[in-house]
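For the single chain, residues carry numbers from 1 onward in sequence order. In this text, all values refer to a predicted model and were calculated from it rather than measured experimentally.
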Amino acid sequence: MPFRSPCQQKPSRYRALLMLFLVYIAWGSTYLGNKLSLEVAGPFLVSGARNILGGLVLALVLLVRNRKLHCPSLKDVARHCAMAILVVLMTGSFIVWGQTQVTSAVAAIVSSLVPVFMILGGWLCAGEERPTAAQWVGMALGGAGVILLSWTQHEAGTSTLAGMAIVVLADISWVTGSLFMKRHPLSSRLTMMESTSLLLLCGGMEALTVGLLLGEHNALHWEHLRPGVIVGFSWMVLGGSVLAYGCYLWLLQNVATPVAISYEYVTPVIALFLGAFAGGEHISSSMLCACVLIIISVLLVIRHRHGLRVYVRHYLVHRYPPRQHRPG
């Protein structure tokens with residue numbers, strides 16, 4: 001929603017900073033929540049339950065706030081179910097699946113390569129402009145970071161190459177679904193948040209179905225259920241699904257895109273330290289080097305052709321012009 005009056009400018013700036021902080025914390029801590037939840041259930045059951053509950057809570061919030069919800073048509077449901085295969089089932093579930101073989105920090109670092117895949121996929125498959133020289137350098141650094149991380153973690157025996165491949169596949173699925181939705185909107189009847197709620201519900205049902213077909217319900221470990229696991233899973237539902245999606249969609253509409261997607265190089269750092277201090281994971285020097293390489297990679301990939309100065313001017317000057325006294 002655009003800022004309507006000068007008197008709203010200062011509070012809205014603080015609101016933008018608050019939204020960024022919430023997205024950073026919510027998505028940065030999701031990987032630790034996945035790790036805790038996997039102590040009780042398999043990856044597809046964890047993902048399915050999280051997304052179903054997230055979709056229901058989001059729908060309830062919208063109903064309370066707006067007093068009504070638009071009823072989706074059968075065509076809407078079919079489209080959301082098809083798209084949920086990519087952006088929920090093969091993204092969210094595969095990341096949790098990958099975390100059965102890699103640490104939460106490694107999963108977060110590899111997942112931060114989404115902007116790299118987005119630029120490359122947009123150029124190769126969506127007719128978008130060719131990457132700049134700086135972006136090519138960024139993509140090369142990102143690849144080097146993943147290779148370094150994969151090799152060192154495999155040698156240390158803390159993560160498997162198969163687990164990293166699953167997380168990379170989750171990234172590619174997210175990019176594919178995002179590029180498709182950019183060209184083909186899911187619905188004109190539903191609002192963006194209503195569409196998100198339906199997408200989470202459809203994807204959650206799909207993940208739950210896959211989990212049941214794989215027999216994950218026969219390997220539940222209720223004896224591992226403890227307060228930390230309950231808090232972690234609840235935070236994934238409320239923070240990782242409802243809060244993070246709501247804040248992220250608000251940011252996309254109200255700030256420059258590079259500011260909105262800056263979570264991609266902040267969340268791996270948060271996940272790295274949360275995994276160490278709360279999850280008991282070891283941070284090696286090679287992990288830190290790979291993390292730095294990938295963060296630099298993402299910064300180079302998402303930067304504008306004219307550099308950071310243009311972003312600052314657009315975000316702080318264009319969006320928040322100085323107050324002027326009007327005659328009369």
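For Leu199 against Val87, the heavy-atom pair with the smallest separation is CD2-CG2, 3.5 Å. When all heavy atoms of Leu32 and Ser104 are compared, the pair lying nearest together is N-CB, 4.2 Å. Pairing each heavy atom of Gly98 with each of Val167, the nearest pair is CA-CG2, 4.1 Å. Of all heavy-atom pairs spanning Ile52 and Met205, the tightest one is CD1-SD, 3.5 Å. Of all non-hydrogen atoms in Met236 and Val46, the two that sit nearest each other are CE-CG1, 4.1 Å.
Residue Leu38 holds its CG atom at 6.5 Å from CG of Asn34, rounded to the nearest 0.5 Å. With rounding to the nearest 0.5 Å, the separation of CG in Leu56 from CG in Leu63 is 12.0 Å. Separation of atoms CZ (Arg79) and CG (Leu198) is listed at 12.5 Å; rounding is to 0.5 Å. Remark: Trp97 CH2 to Ile166 CD1 distance equals 4.0 Å, nearest 0.5 Å. One finds the CG atom of Leu36 at 12.0 Å from the CZ atom of Phe233 (value rounded to the nearest 0.5 Å). Distance check: Phe117 CZ to Asp171 CG gives 5.5 Å after rounding to the nearest 0.5 Å.
Partners of His224 by side-chain hydrogen bond (donor to acceptor under 3.5 Å, both in side chains), not counting sequence neighbours: none found. Ser29 pairs by the side-chain contact (heavy atoms from CB on, under 4.5 Å) definition with Trp235, Leu274, not counting sequence neighbours.
Taking the side chain as every heavy atom from C-beta outward, Phe21 and Cys247 never approach each other to under 4.5 Å. In this structure, Leu45 and Leu220 have side chains that are in contact, with non-hydrogen atoms separated by less than 4.5 Å. Between Tyr24 and Ile270, some side-chain heavy-atom pair lies under the 4.5 Å cut-off. Two residues are said to be in side-chain contact when any heavy atoms from C-beta on lie closer than 4.5 Å; Leu243 and Leu238 fail this criterion.
Trp136 and Trp123 have perpendicular rings, their planes meeting at more than 60° on a 0 to 90° scale where under 30° would count as parallel.
Applying the salt bridge (charged side-chain N to carboxylate O under 4.0 Å, His left out) test to pairs two or more places apart or on separate chains, those with a residue in residues 222-249 are Glu39-Arg226.
Side chain of Ser93 to backbone of Met90: no donor-acceptor contact under 3.5 angstrom is found. With hydrogens and angles disregarded, no donor-acceptor distance shorter than 3.5 Å links the side chain of Gln101 to the backbone of Thr160. Without hydrogens or angle criteria, Ser197 side chain to Met193 main chain gives no donor-acceptor distance under 3.5 Å. Here the side chain of Glu216 pairs a donor or acceptor atom with the backbone of Phe44 at under 3.5 angstrom. Side chain of Thr30 to main chain of Ala26: a donor-acceptor pair is present (N/O by atom type, distance under 3.5 Å, no hydrogens or angles).
No more than 12 heavy atoms of other residues, nucleotides or ligands shown are found within 6.0 angstrom of CG on Leu74.
Ring centroid separation for the pair Tyr248 and Trp27 comes in under the 6.0 Å cut-off.
No hydrogens or angles considered: a donor-acceptor pair under 3.5 Å links the side chains of Ser47 and Asn51. A donor-acceptor contact closer than 3.5 angstrom links the side chains of Asp76 and Ser73. Side-chain contact of His70 with Thr191: a donor-acceptor pair under 3.5 Å is absent, judged by distance alone.
Side-chain heavy atoms closer than 4.5 Å link hydrophobic residues (I, L, V, M, F, W, Y) into clusters, and following such links, even through other members, never connects Leu213 to Leu208. A chain of hydrophobic side-chain contacts below 4.5 Å, direct or via other Ile, Leu, Val, Met, Phe, Trp or Tyr residues, connects Met83 to Leu169.
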